[in-house]
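No experiment lies behind these values; they were computed from the predicted model shown. So you know, we letter chains A, B, ... as the sequences are listed, proteins then strands, and number each from 1.
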Number of protein chains: 2
Amino acid sequence: MTATTDTRERLLDVAEVMFAERGVRETSLRGITQKAGTNLAAVNYHFGSKNGLVGAVFQRRLGPINAERLRRLDEAERVAAGGPVTLEAILRAFLEPALHGRRDAHACFVLVARAHLAPDPELRAMLMSAFDAVAARFGAALQASLPGIPPTEFFWRMHFLIGSLCHTVVNGALLEDISGGLCRGDDDEEILARLVSFGAAGLRAAVDEGAREASSSDVAAARASARKRRTRR
Amino acid sequence: MTATTDTRERLLDVAEVMFAERGVRETSLRGITQKAGTNLAAVNYHFGSKNGLVGAVFQRRLGPINAERLRRLDEAERVAAGGPVTLEAILRAFLEPALHGRRDAHACFVLVARAHLAPDPELRAMLMSAFDAVAARFGAALQASLPGIPPTEFFWRMHFLIGSLCHTVVNGALLEDISGGLCRGDDDEEILARLVSFGAAGLRAAVDEGAREASSSDVAAARASARKRRTRR
DNA sequence: GTCTATAAACGGATAGAC
DNA sequence: GTCTATCCGTTTATAGAC
């Protein structure tokens, strides 16, 4: 289908799709190289290892997509002219560059979500580093547009939203099943619109009057104890 | 630690924890049998296969938990005395039986979430059948408590909420990282309170005025086309 | 019921010819 | 750069002794 004739590029294309469809660990290099019309050794020659191939698949798309995300957020802030940017605008600035692309970008998007949910820590670490810059920028923008939400609550809600996004992207077929066919799980425009309205409402939810927000000393203590828990393993 | 002396029970205990911690596919029968102080053949003798062991781990907990879920929903509806049951009460009826249990139940809960997100269709199929009854009851109750939300929108939001839940349960450690240690990802009571308020707000979100809801003929068409898509593979 | 030993297959990585 | 052939570890599953 694609006009690429280069072996390296063909491997990236095939791996991207197969990883997205079945998961990284569930896809063998033999299966990839067979479908790409080459042989096992080609992967090690071009990418060094299976994880090298995974990383290359990520890098090919994530750089441009994340740059576009930042560009759109800048644009939204420019339009707001110092005023607050709406939650919905921020969410769209993050989601649209990944969703509105053609099918190739879509496969990588599914792969990213899969890797994010996978039990393999090495896989997730590869992703986290690629998202450092956008995570910082978008986290700050979202927090600024939610002045009434304390930091702790904010992070919880961000986590919930990330879970919604990943699950929806990865398990679109499941949604078709539980809805009896009412919902199309593979329509990116639909994911976008529904998720933005759901997520914005969840992020804006009234803070439970019963919940005591951590004081700054509690924050310091929590950070210290989290460090301890992390190093323990 | 546990006082069980039976090999079969010991295998279930060890498998439950290791599956929850590292994932089913990532955990070898060798690792399980070694930690359980027995040998590889014991698994096949007691459970037939690795998937048989997974199913047995599910069944041991899911039956009682799902029964308790239905009991609590009945109780909430009885208290409401024919009136509407609040969204929050329904969500709590579903979540508390899985979360408020002791550590053993918690491990199985993590495992269920993991299996739900895993790329292995066989794993998910084992779960879906176990949840048929509760899914129907809770789906109907939730929909009844959200009279303004059209069915299509409702299923999308349910899907988002399931994603939030699974991601939070499975990737609690990640939340600690992105929050810089502010949030504790392994505190079930905290997951419960935060997720209920976030989810209820998301489910109640105003329906986008621009979105056209499917008419009943569209619904029939969607079901038919979904059937076609499913059988195609 | 529990064990040892082994089968049978599959995985990623690599050496070396071309 | 590309290929074949092979190494070596790991996996699940099973046969058969006790």
Taking for A:R30 and for A:A41 the nucleotide of DNA chain D with the nearest heavy atom, the one nearer the 5' end belongs to A:A41
A:T38 and A:T7: side-chain donor and acceptor closer than 3.5 Å?
no
Rounded to whole Å, please give me the gap between [atom1] in [X] and [atom2] in [N].
X: B:H46; N: C:dG1; atom1: NE2; atom2: C1'; answer: 7 Å
X: B:L40; N: D:dG16; atom1: CG; atom2: P; answer: 17 Å
X: A:E26; N: D:dT10; atom1: CD; atom2: P; answer: 19 Å
X: A:L29; N: C:dA13; atom1: CG; atom2: P; answer: 6 Å
X: B:Y45; N: C:dG1; atom1: OH; atom2: C1'; answer: 5 Å

Base, sugar-phosphate, or nothing: which does B:A42 touch, judged by heavy atoms less than 4.0 Å apart?
nothing
Regarding A:T27, tell me which of base, sugar-phosphate or nothing describes its non-hydrogen contacts under 4.0 Å with the strands shown.
sugar-phosphate
With nearest nucleotide decided by heavy atoms, which residue, B:T38 or A:R25, maps closer to the 5′ end of DNA chain C?
B:T38
Taking OP1 and OP2 of [N], is either one under 4.0 Å from a side-chain nitrogen or oxygen of [X]?
X: A:T7; N: D:dG1; value: no
X: B:S28; N: D:dT10; value: no
X: A:N44; N: C:dT14; value: yes

For A:K50 and A:S28, indicate whether the former's side chain and the latter's backbone hold a donor-acceptor pair under 3.5 Å.
no
State whether the number of non-hydrogen atoms from other residues, nucleotides or ligands found under 6.0 Å of A:Q143 atom CD is greater than 12.
yes
Nearest to the side chain of A:K50, which nucleotide is it out of C:dA13, D:dT2, C:dT2?
C:dA13
Between A:F94 and A:F138, how do the two ring planes meet: parallel, tilted or perpendicular, split at 30° and 60°?
perpendicular
